[in-house]
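Just below is one structure, and these are the notes that go with it.
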Amino acid sequence: QVQLVQSGGGLVQPGGSLRLSCAASRNIFSTYVTRWYRQAPGKQRELVAAITTGGRTDYADSVKGRFIISRDNAKNTLFLQMNSLKPEDTAVYSCNAVWGALSSWGQGTQVTVSS
(Lines give C-alpha, C1' and ligand atoms only; values in the text may rest on other atoms or scores of the structure.)
Protein backbone atom coordinates (compact mmCIF):
# COMPACT_ATOMS: atom_id res chain seq x y z
CA GLN A 1 0.00 0.00 0.00
CA VAL A 2 1.35 3.41 -0.91
CA GLN A 3 1.33 6.26 1.60
CA LEU A 4 0.39 9.75 0.47
CA VAL A 5 1.38 12.84 2.46
CA GLN A 6 -0.13 16.19 1.55
CA SER A 7 1.19 19.70 2.05
CA GLY A 8 0.06 23.15 1.08
CA GLY A 9 -3.35 24.71 1.47
CA GLY A 10 -4.44 27.41 3.86
CA LEU A 11 -6.25 30.72 3.65
CA VAL A 12 -6.17 32.83 0.49
CA GLN A 13 -8.10 35.81 -0.80
CA PRO A 14 -10.41 35.50 -3.80
CA GLY A 15 -8.40 35.67 -7.00
CA GLY A 16 -5.33 34.27 -5.31
CA SER A 17 -3.37 31.09 -5.93
CA LEU A 18 -2.29 28.06 -3.94
CA ARG A 19 -0.39 24.90 -4.75
CA LEU A 20 -1.11 21.58 -3.11
CA SER A 21 1.43 18.76 -3.01
CA CYS A 22 0.95 15.04 -2.48
CA ALA A 23 4.14 13.04 -1.89
CA ALA A 24 3.98 9.30 -2.46
CA SER A 25 6.09 6.82 -0.51
CA ARG A 26 7.34 5.28 -3.75
CA ASN A 27 7.15 5.63 -7.49
CA ILE A 28 3.52 5.17 -8.46
CA PHE A 29 2.83 7.27 -11.51
CA SER A 30 3.58 4.51 -14.02
CA THR A 31 0.92 2.28 -12.50
CA TYR A 32 -1.52 4.41 -10.46
CA VAL A 33 -4.14 6.84 -11.68
CA THR A 34 -3.90 9.85 -9.40
CA ARG A 35 -6.64 12.32 -8.61
CA TRP A 36 -7.53 15.30 -6.47
CA TYR A 37 -10.90 15.43 -4.74
CA ARG A 38 -12.52 18.04 -2.55
CA GLN A 39 -15.35 18.12 -0.08
CA ALA A 40 -17.04 21.25 1.12
CA PRO A 41 -19.11 21.33 4.32
CA GLY A 42 -22.51 19.77 3.77
CA LYS A 43 -21.64 18.64 0.25
CA GLN A 44 -20.60 15.39 -1.37
CA ARG A 45 -17.01 14.74 -2.29
CA GLU A 46 -16.24 16.04 -5.76
CA LEU A 47 -13.60 14.92 -8.24
CA VAL A 48 -11.50 17.96 -9.11
CA ALA A 49 -8.76 16.68 -11.42
CA ALA A 50 -7.14 13.47 -12.55
CA ILE A 51 -4.00 12.41 -14.36
CA THR A 52 -3.55 9.00 -15.95
CA THR A 53 -0.41 6.90 -16.08
CA GLY A 54 0.12 8.23 -19.60
CA GLY A 55 -0.16 11.82 -18.45
CA ARG A 56 -3.60 12.62 -19.78
CA THR A 57 -5.39 15.14 -17.58
CA ASP A 58 -9.04 15.77 -16.90
CA TYR A 59 -10.82 18.42 -14.86
CA ALA A 60 -14.18 19.18 -13.35
CA ASP A 61 -15.98 21.86 -15.31
CA SER A 62 -15.95 24.10 -12.26
CA VAL A 63 -12.13 24.30 -12.24
CA LYS A 64 -11.22 24.07 -15.94
CA GLY A 65 -8.90 26.85 -16.96
CA ARG A 66 -8.04 27.67 -13.35
CA PHE A 67 -6.52 24.51 -11.86
CA ILE A 68 -3.64 22.44 -13.16
CA ILE A 69 -2.80 18.89 -12.09
CA SER A 70 0.78 17.80 -12.62
CA ARG A 71 3.38 15.42 -11.26
CA ASP A 72 7.10 15.15 -10.70
CA ASN A 73 8.07 11.56 -11.41
CA ALA A 74 11.54 11.96 -9.94
CA LYS A 75 10.14 13.22 -6.63
CA ASN A 76 7.08 10.93 -6.60
CA THR A 77 4.94 14.00 -6.03
CA LEU A 78 1.55 15.05 -7.37
CA PHE A 79 0.58 18.70 -7.51
CA LEU A 80 -2.54 20.78 -7.87
CA GLN A 81 -1.92 24.39 -8.87
CA MET A 82 -5.01 26.43 -8.09
CA ASN A 83 -5.35 29.88 -9.66
CA SER A 84 -8.09 32.50 -9.67
CA LEU A 85 -9.53 30.96 -6.54
CA LYS A 86 -13.13 31.62 -5.64
CA PRO A 87 -14.97 31.34 -2.32
CA GLU A 88 -16.79 28.30 -3.70
CA ASP A 89 -13.43 26.52 -3.97
CA THR A 90 -13.34 26.36 -0.17
CA ALA A 91 -13.11 22.71 0.83
CA VAL A 92 -10.92 19.96 2.19
CA TYR A 93 -8.77 18.72 -0.67
CA SER A 94 -7.49 15.14 -0.77
CA CYS A 95 -5.23 13.30 -3.16
CA ASN A 96 -5.98 9.73 -4.20
CA ALA A 97 -4.04 7.01 -6.01
CA VAL A 98 -5.73 3.99 -7.51
CA TRP A 99 -4.35 0.81 -9.03
CA GLY A 100 -6.95 -1.85 -9.62
CA ALA A 101 -8.58 -2.58 -6.28
CA LEU A 102 -5.92 -0.64 -4.38
CA SER A 103 -6.76 2.89 -3.31
CA SER A 104 -4.75 5.20 -1.10
CA TRP A 105 -5.67 8.63 0.24
CA GLY A 106 -3.78 11.60 1.51
CA GLN A 107 -4.70 13.04 4.90
CA GLY A 108 -6.62 15.99 3.42
CA THR A 109 -5.84 19.67 3.63
CA GLN A 110 -8.11 22.65 4.15
CA VAL A 111 -8.30 25.35 1.51
CA THR A 112 -10.25 28.46 2.49
CA VAL A 113 -10.91 31.25 0.02
CA SER A 114 -12.13 34.33 1.81
CA SER A 115 -11.52 38.05 2.05
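Numbering of residues begins at 1 and proceeds along the displayed sequence. Owing to the predicted nature of the structure, the values given are computational and were not obtained by experimental measurement. In what follows, every heavy atom counts, from backbone to side chain, and hydrogens, waters and symmetry copies are set aside.
Separation of atoms CZ (Arg35) and OG1 (Thr57) is listed at 13.0 Å; rounding is to 0.5 Å. Taking CD of Gln13 as the start and OG of Ser115 as the end, the distance is 7.0 Å to the nearest 0.5 Å. Note that CZ of Arg66 and NZ of Lys64 are 13.0 Å apart. Values are rounded to the nearest 0.5 Å. Rounding to the nearest 0.5 Å gives a distance of 10.5 Å between OG of Ser94 and OH of Tyr37. Atom CG of Leu4 is separated from atom OG of Ser21 by 12.5 Å, given to the nearest 0.5 angstrom. Atom CD1 of Ile28 sits about 11.5 Å away from atom CG of Leu102, to the nearest 0.5 Å.
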Step by step, would you call Thr109 with Ser7 a side chain to side chain contact (heavy atoms under 4.5 Å, CB included)?
CA-CA 7 Å; Thr109 187; Ser7 59; over 6 Å; no
Taking it one step at a time, do Tyr93 and Arg38 satisfy side-chain hydrogen bond (donor to acceptor under 3.5 Å, both in side chains)?
CA-CA 4 Å; Tyr93 285 72; Arg38 68 184 181 187; 2.9 Å; yes
Would Ser104 and Trp99 satisfy side chain to side chain contact (heavy atoms under 4.5 Å, CB included), going step by step from the backbone distance to the final call?
CA-CA 9 Å; Ser104 296; Trp99 178 37; over 6 Å; no
Determine whether Arg56 and Ile51 satisfy the following criterion, side chain to side chain contact (heavy atoms under 4.5 Å, CB included), listing intermediate values before the conclusion.
CA-CA 5 Å; Arg56 184 176 63 85; Ile51 185 166; over 6 Å; no
Before you tell me yes or no, could you show the steps for Thr112 and Gln110 under side-chain hydrogen bond (donor to acceptor under 3.5 Å, both in side chains), namely the whole-Å CA-CA distance, both residues' side-chain angles and the distance that decides it to 0.1 Å?
CA-CA 6 Å; Thr112 302; Gln110 178 69 44; 3.3 Å; yes
For salt bridge (Lys or Arg N to Asp or Glu O under 4.0 Å), just list the numbers for Lys86 and Asp89, CA-CA rounded to whole Å, side-chain angles, deciding distance to a tenth of an Å, and then say yes or no.
CA-CA 5 Å; Lys86 305 175 181 179; Asp89 294 318; over 6 Å; no
Thr53 and Tyr32: CA distance, side-chain angles, deciding distance, side chain to side chain contact (heavy atoms under 4.5 Å, CB included) verdict
CA-CA 6 Å; Thr53 55; Tyr32 283 71; 5.8 Å; no
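A single hydrophobic cluster is seen to contain both Leu18 and Tyr59, as judged by linkage of ILVMFWY side chains at heavy-atom distances under 4.5 Å, directly or through other members. Note: the hydrophobic cluster containing Trp105 does not contain Trp36 (ILVMFWY, side chain heavy atoms under 4.5 Å, direct or indirect links). When hydrophobic clusters are built by joining Ile, Leu, Val, Met, Phe, Trp and Tyr residues whose side-chain heavy atoms come closer than 4.5 Å, directly or via intermediates, Val92 is not grouped with Leu47. If you chain together hydrophobic residues whose side chains sit under 4.5 Å apart, Val98 and Ile69 never meet in one group.
Using modelled atom types and a 3.5 Å distance limit, the side chains of Thr34 and Asn96 yield no donor-acceptor pair.
In this structure, Gly9 and Val111 approach most closely via the heavy-atom pair CA-CG2, 4.0 Å. Val63 and Val48 make their closest contact through CG2-O, 3.6 Å (heavy atoms, listed as atom of the first residue, atom of the second, distance). Across every non-hydrogen atom of Ala40 and Ala91, the tightest pair is N-CB, 3.8 Å.
By the ring pair (Phe, Tyr, Trp, His ring centres under 6.0 Å) test, Phe67 is found to be paired with no residue, residues two or more places apart in sequence or in another chain being considered.
Inter-residue side-chain proximity for Ser114 and Pro87 is flagged as unmet; no heavy-atom pair is nearer than 4.5 Å.
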Please report, to 0.1 Å, the donor-acceptor pairs under 3.5 Å made by any side chain of residues 72-82, with sequence neighbours excluded.
| from | atom 1 | to | atom 2 | distance (Å) |
| --- | --- | --- | --- | --- |
| Asp72 | OD1 | Ala74 | N | 3.1 |
| Asp72 | OD1 | Lys75 | N | 3.2 |
| Asn73 | OD1 | Arg71 | NE | 3.4 |
| Thr77 | OG1 | Lys75 | O | 2.8 |
| Gln81 | NE2 | Asn83 | OD1 | 2.9 |

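No donor-acceptor pair under 3.5 Å is formed between the side chain of Glu46 and the backbone N or O of Gln44. Thr90 contributes a side-chain N or O that, together with a main-chain N or O of Val113, makes up a donor-acceptor pair within less than 3.5 Å. A donor-acceptor pair is defined here as one N or O able to donate and one able to accept, closer than 3.5 Å; such a pair exists between the side chain of Gln6 and the backbone of Cys95.
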